[in-house]
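As structure tokens, the structure follows; a few thoughts come after it.
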Amino acid sequence: MTSTEFGSYTAKLTDGPLEGRTVRTEFTEAGEPLAQLEIPAGTAKRYLYLRGSGVEYNGEGDNAALPSAVDYRFIESRLG
């Protein structure tokens, strides 16, 4: 299966410079939420977020066992 077969989920950014924002992202090819997100901020900066412990399920549709939202915590800013 590919990641598009599992659909997508909402990554909730719980702290750091993007606190309170959400990003829609695809599951891995194994159907898991991503362990980390690198979010571009302009041309030379990226923010690194790691998966936290918060997970939400909506319990609907074909992929009801998959999370609908996952919390991510800020780790660092990267230049370059």
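Just so we're clear, the structure is a prediction, and the values are computed from it rather than from any experiment. Keep in mind that the numbers below use all heavy atoms, side chains included, and drop hydrogens, waters and symmetry copies.
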Y9 side chain to E32 backbone, donor-acceptor under 3.5 Å: no
Set of side-chain contact (heavy atoms from CB on, under 4.5 Å) partners for T10, sequence neighbours left out: K12, T22, R24, A69
Are the side chain of R51 and the backbone of P33 linked by a donor-acceptor contact shorter than 3.5 Å? yes
Taking every heavy atom of V23 against every heavy atom of I39, the minimum-distance pair comes out as CG2-CD1, 4.2 Å
When rounded to the nearest 0.5 Å, the distance separating OH of Y72 from OG1 of T25 is 6.5 Å
Which residues pass the side-chain contact (heavy atoms from CB on, under 4.5 Å) test with P17, not counting sequence neighbours? Y47, Y49, F74
Shortest non-hydrogen separation from A11 to L37 and the atoms involved: CB-CD1, 3.5 Å
Holding to side-chain contact (heavy atoms from CB on, under 4.5 Å), I want the full list of residues that pass it with R78, two or more places apart in sequence or in another chain. E38, R46, L48, E76
Hey, what do you get for CG (L50) to CG (D71), rounding to the nearest 0.5 Å? 13.0 Å
